[in-house]
Every structure is written in structure tokens, then in C-alpha cells.
Undergrad: 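Below you'll find the structure I mean.
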Amino acid sequence: MTARLIDGKKIALEIRNQIAIEVKEVVAKGIVPGLAAVLVGDHPASQVYVRNKRKSAREAGMHSELHELDKNASLEEVLKLVDFLNRDSKIHGILVQLPLPKHLDEKKIINAISPEKDVDGLHPLNAGKLMMGEAGFVPCTPLGVMKLLEYMKIEIKGANAVVLGRSHLVGKPVALMLLQKDATVSICHSKTKDLAEIIKKADIVVAAVGKALMVTEEMIKAGAAVIDVGINRLPDGKLVGDVDFEKVSKKAGFITPVPGGVGPMTIAMLLSNTLVSAQNALKREIMS
Ligand code: GUN
């Protein structure tokens, strides 16, 4: 392996330790940052994600709540819960774990979250602010990707950045954040022609497609920074990213592992956004 390993687990732990210090500071001023997770149904991966998010919130000294609804819960029930959490002064961050059961209108539910408590950065107001380059909550995984680049001192300004995937949760927001930092950004997707040729020109590659091992050594420019957001399970049960780590790590300059790369950063950024929301609440309290 010639690439430098981007140790997301270690970096996330450092960030979480710093967050724990800042949580103590707001607690001393009378506000305990509170995170409410809403889990609808029994999606196995979502249960694991939510459990990990709650555990990390508690470890950082935050108040954490889990609201579990039956997989057949109606839209009205979910909206009523979100409305309750919007008004609850103990809660600074609301996380509605996705995907939701098919019968529920995801947009209506996300739109119902107060933008001030939207620590997932999915509300259209926060998405619009990101597009306008204004301060607001941004989604946790893209924010984690940016923090990894920043931490490793990878030059973004003027870099050719290629984002694979165009989801609302990762691809689009990370592309906007890279653009904001003066990268030249290409977004590739399932209809992109000459994908390999585009990736070959990239100084930074962010893979967020959900297709196991699709990014191969031949596609990567020597020395490029490769950030792998994918989590895929192979038939033998092994967890792998969208990038062929074994081979690409021989050619890239920097690379994230899966697991232990971007994943831990998503949780750290959720805590960071929740802390910011609590700090904002404190400021509003002082002003009033
Ligand atoms: N499901 C997978 N990733 C995420 C995320 O970052 N936030 C939410 N709410 N659901 C998810």
C-alpha cells in the first residue's frame, strides 16, 4: 500500500472528544443538548445505525431519546410526533432515520421538521442555504467527508473533484460543498458516459454509489485522494466499499477504509450539528 490511510475512526474519536468538552460548557450554562431519533419500522440496518448514534450521543454527554413507531404507523402519527419534538425544549436535534416504510411520504415528514432542529440537514430550507452558500445545517455524511479532507490537509482549491452518485443525502450536497471550497466538480451517475475517463482526471474522488468495488485501480490517477462512502455486503458477508481498496490503495495518495473511514464521521457530525443547535438555542435564550 502506498496511499496514506485516512483513519476515520481515529479522527471521529478526536472530534467526539472535543464535542464532549463543548457539551460540558453548554451544560454549565443550563442547556443539555438533546437528540431525538425517530425510527419507523424494523429495518435491521437502521436499528443498528440508530443504536450507534444514540450511544455516541450519550457518551458525549447529550440527552438522547428514541421514538419507535410501528412499521404500519400512519403519516399523521409520524407528523404528530415530529410536531411534538419540534416544540419540546429538551430536544435540539431531530433525526428521522431513513429509509422510511414505502407507504410514508418522506418529503412531507422531512418538511415537517423544524429547520432549527434539522441536524440531518435534509429540510429544503437547509438544502437551499447550502446551495446559496449560507450557514445552515448540512447533511452529516458529506460534512464528514469534508472534515476528512480538511484533517488530512488535502488541497481542495482548484482540485478536480469527481463525485460518484447524485443522492440528496450524499452526492449532491458533497458536490456543493466541494464547489464552495473552489474545487472543479463533476457529478457522475448511472447515465454518465466515459466514466473511467472522467475519474482518471480526478485529484479527489468521492464514491457514493452503493455498488461494491466499482472503482478500480485503472480509473484512479496516481496520488489522488479517494473517499469511499459506500457500504456494501458481498455474498460471503464481507463489508466493502464502492472502491476496490486492495488495488486502489497501491496507486492513490490517500484512501479511506470501509469500515472505519467515512462511517464513524457521519455520527461525529450528527453530534456536532446537535451541539451547534443547542448552542444556537442558548444564544436565543440569552438574547430574549
Ligand atoms: N439513512 C442512512 N444514512 C442516513 C442519514 O445520514 N440520516 C438519516 N436520517 N437516515 C439515514
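Owing to the predicted nature of the structure, the values given are computational and were not obtained by experimental measurement. Order of listing sets the numbers, starting from 1, for every ligand and every atom in it.
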Undergrad: Answer yes or no: is there an ion pair linking Glu285 with Lys29, defined by an N-O contact shorter than 4.0 Å?
TA: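 Looking at Glu285 and Lys29, the cut-off is not met.
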
Undergrad: Is it true that a side-chain atom of Asp203 and a backbone atom of Glu155 form a donor plus acceptor pair closer than 3.5 Å?
TA: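 Not a single qualifying donor-acceptor pair exists.
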
Undergrad: Taking Asp236 first and then Lys238, would you say they form a salt bridge - that is, a charged N and a carboxylate O separated by under 4.0 Å?
TA: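 No.
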
Undergrad: Would you say CD of Glu116 has more than 12 non-hydrogen atoms from neighbouring residues, nucleotides or ligands within 6.0 angstrom?
TA: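 At most 12 heavy atoms, drawn from other residues, nucleotides or ligands, come within 6.0 Å of this atom.
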
Undergrad: Taking Lys108 for its side chain and Leu75 for its backbone only, find out whether a donor-acceptor pair lies under 3.5 Å.
TA: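 Answer holds: no.
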
Undergrad: Between Lys80 and Glu77, is there a salt bridge with N-O shorter than 4.0 Å?
TA: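 No.
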
Undergrad: For ligand 1, run through the N/O pairs with the protein that fall under 3.5 Å and put one pair on each line.
TA:
from, atom 1, to, atom 2, distance (Å)
ligand 1, 1 (N), Gln97, NE2, 3.2
ligand 1, 1 (N), Leu98, O, 2.9
ligand 1, 7 (N), Asp120, OD1, 3.3
ligand 1, 7 (N), Asp120, OD2, 3.1
ligand 1, 9 (N), Val96, O, 2.8
ligand 1, 9 (N), Asp120, OD2, 2.5
ligand 1, 10 (N), Leu98, N, 3.0

